[in-house]
Asker: 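Here it is, the structure, as structure tokens.
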There are 2 protein chains.
Amino acid sequence: MARHRDYSKIEQIFESTLKLVLEKGFAGLKMAEVAKESNLATGTVYIYFKDKDDLINQLYLFLKRRKTILFLQGIDQKEEFDLVLKKIWFAYFEVTMQHVNESAFLEQYYRSPFLKSNVKEESKQILKPIYDLLGRGVVEGKLQTVNVEILLSQMVGPIHEIIRAYHDGAIEINAETMNQLYLLVMKGIKL
Amino acid sequence: MARHRDYSKIEQIFESTLKLVLEKGFAGLKMAEVAKESNLATGTVYIYFKDKDDLINQLYLFLKRRKTILFLQGIDQKEEFDLVLKKIWFAYFEVTMQHVNESAFLEQYYRSPFLKSNVKEESKQILKPIYDLLGRGVVEGKLQTVNVEILLSQMVGPIHEIIRAYHDGAIEINAETMNQLYLLVMKGIKL
DNA sequence: AAAATTAATGAACAATTATTCAATCATCCA
DNA sequence: TGGATGATTGAATAATTGTTCATTAATTTT
């Protein structure tokens, strides 16, 4: 053609970049390698992204949005409290689990020379639904009356931790594991 | 003198390196900046460390050892179970809290081209005392009978999470905060 | 206090890696 | 089909950053 911009190429570059960052960290990321991993010439990467900085920032936003959308779908705060709480806890577990790789990227991005100040605030948005729900739980007298941040820590902290253990090969994660952890967590925060 | 090697200089370099990594991540760490931050000429850094790789690995070991020693002191597994559990939980909280900066460094090191395979195993050692204690708790019938990894996640996950919230400026951490979280966590895992 | 020894300096050099762009290729359309 | 348009290439270049080492400074020894 003079074919239109091929967006699958952008996604290919994203995928390669993510893979390389996970393997070697930000410090080891080289544009030439990104190109090679994407089966492209180095110059081609610069057609789709202004420079390395741009590539990394675009990738961050791409991953962040994808994760947020995925998490929010299927959550309906109108339903009965205990049910919503359960759904949201498992949804967070599953999304986090399926996107651990990305999480590692996001973590590193957070402490890097690339971080743009405006994204910091946006980052918290993904937790907003949980935040709101916990507030509601306190008001409705269904949860311990402590600071919502404390409840949140108890909700998601163990999830992060068990997924880490999983990646260190210390534990299997299956329906039973998840349920057991869920019960412990709920036992802690419910009134 | 021909004075003996000045170890305060090594510590100065460590401190500068840590500071710079926390500010800009591994990707942004420059030997020239390390030197400048330490009020030394670039060449001087190479007197004390073979190269950049060496500097980073030495720093990792230095921080890891310091943290481990600090955590282990004052823990005596011979005492009564509930007391040890409480002491160890607060000790872990305090050490983690006081060394968040270092933790951020250690995390980044963990996913970087610098990671030496042998340190991976050593890394888990710091959690060993907690691990052992939880095992004992299950045996003595004082804790929920689930996989120790699950108990561990519930123990330390919320700690990591609340400290993160603290660093995002979302919450104060004081004796009350800590106690409230402690109670939630224990409510969850105790029988 | 001069000679000897060790530490420190920082500009010069080497190595690595980001970026550009003239040349080539692929596709479209008249 | 041939010229026009836009995409792709990758070697050449620019920029950055790690490392060295001849020189200078500091300290110790005799």
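Note on naming: letters A, B, ... go to the chains in the order of the sequence lines (proteins, then strands), and numbering restarts at 1 for each one.
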Asker: Under the side chain to side chain donor-acceptor pair (under 3.5 Å) test, which residues partner A/Tyr166, sequence neighbours left out?
Answerer: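 None.
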Asker: Check side chain to side chain contact (heavy atoms under 4.5 Å, CB included) between B/Ile75 and all other residues, then give those that pass, not counting sequence neighbours.
Answerer: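 B/Ile75: side chain to side chain contact (heavy atoms under 4.5 Å, CB included) contacts with B/Ile88, B/Ala91.
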Asker: Taking only side-chain nitrogens and oxygens of B/Lys9, does any of them come within less than 4.0 Å of OP1 or OP2 of C/dA7?
Answerer: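 B/Lys9 to C/dA7 OP1/OP2: no side-chain N or O under 4.0 Å.
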Asker: A/Tyr48 OH to D/dG6 C1': how many Å, rounded?
Answerer: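 These atoms are roughly 10 Å apart.
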Asker: By the definition ring pair (Phe, Tyr, Trp, His ring centres under 6.0 Å), identify the one residue from B/Tyr60, B/Phe49, B/Tyr48 that meets it with B/Phe14.
Answerer: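 With B/Phe14 as partner, B/Tyr60, B/Phe49, B/Tyr48 yield a single ring pair (Phe, Tyr, Trp, His ring centres under 6.0 Å), made by B/Phe49.
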Asker: Give the nucleotide from the list C/dA7, C/dA18, D/dT9 with an atom nearest to the side chain of A/Ile47.
Answerer: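 Of all the options, the side chain of A/Ile47 is nearest to D/dT9.
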Asker: Using heavy atoms and a sub-4.0 Å distance, could you list which residues of residues 36-44 of chain B are near DNA chain C? By number, please.
Answerer: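 Within this stretch, B/Leu40, B/Ala41, B/Thr42, B/Gly43, B/Thr44 sit under 4.0 Å of the strand.
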Asker: Figure out the CG/C1' separation between B/Asp51 and C/dA15, and round it to whole Å.
Answerer: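 Result: 13 Å.
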Asker: How would you list all residue pairs meeting ring-ring contact (aromatic ring centres under 6.0 Å, His included) that involve residues 172-191 of chain A, not counting sequence neighbours?
Answerer: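 Sorted pair list: A/Trp89-A/Tyr182, A/Phe90-A/Tyr182.
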Asker: Do any pairs count as a ring-ring contact (aromatic ring centres under 6.0 Å, His included) and have a residue in residues 143-163 of chain B, sequence neighbours left out, and if so which ones?
Answerer: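 Found B/Tyr92-B/His160.
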Asker: Output the rounded distance in Å from CE (B/Met31) to C1' (D/dT19).
Answerer: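 Going from B/Met31 (CE) to D/dT19 (C1'), I get 9 Å.
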Asker: Could you check how far OH of B/Tyr46 sits from P of D/dC21, rounded to whole Å?
Answerer: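 Atom OH in B/Tyr46 sits about 13 Å away from atom P in D/dC21.
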Asker: Nearest whole angstrom, please: distance from the C1' of D/dT19 to the CD of B/Glu33.
Answerer: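 Rounded to whole Å, this separation is 17 Å.
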Asker: What integer distance in Å separates A/Leu29:CG from C/dT19:P?
Answerer: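 Spelled out: CG on A/Leu29 to P on C/dT19 is 11 Å.
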Asker: Quick test of your reading: applying side-chain hydrogen bond (donor to acceptor under 3.5 Å, both in side chains), list the pairs with at least one residue in residues 69-81 of chain A, sequence neighbours left out, ordered by first then second residue.
Answerer: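 Output for this query lists A/Glu79-A/Lys87.
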Asker: In whole angstrom, what separates B/Gln12's CD from C/dA8's P?
Answerer: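 After rounding, the reported distance stands at 13 Å.
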Asker: Rounding to an integer number of Å, can you tell me how far B/Lys52 NZ sits from C/dA15 P?
Answerer: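 In whole Å, C/dA15 P lies 17 Å from B/Lys52 NZ.
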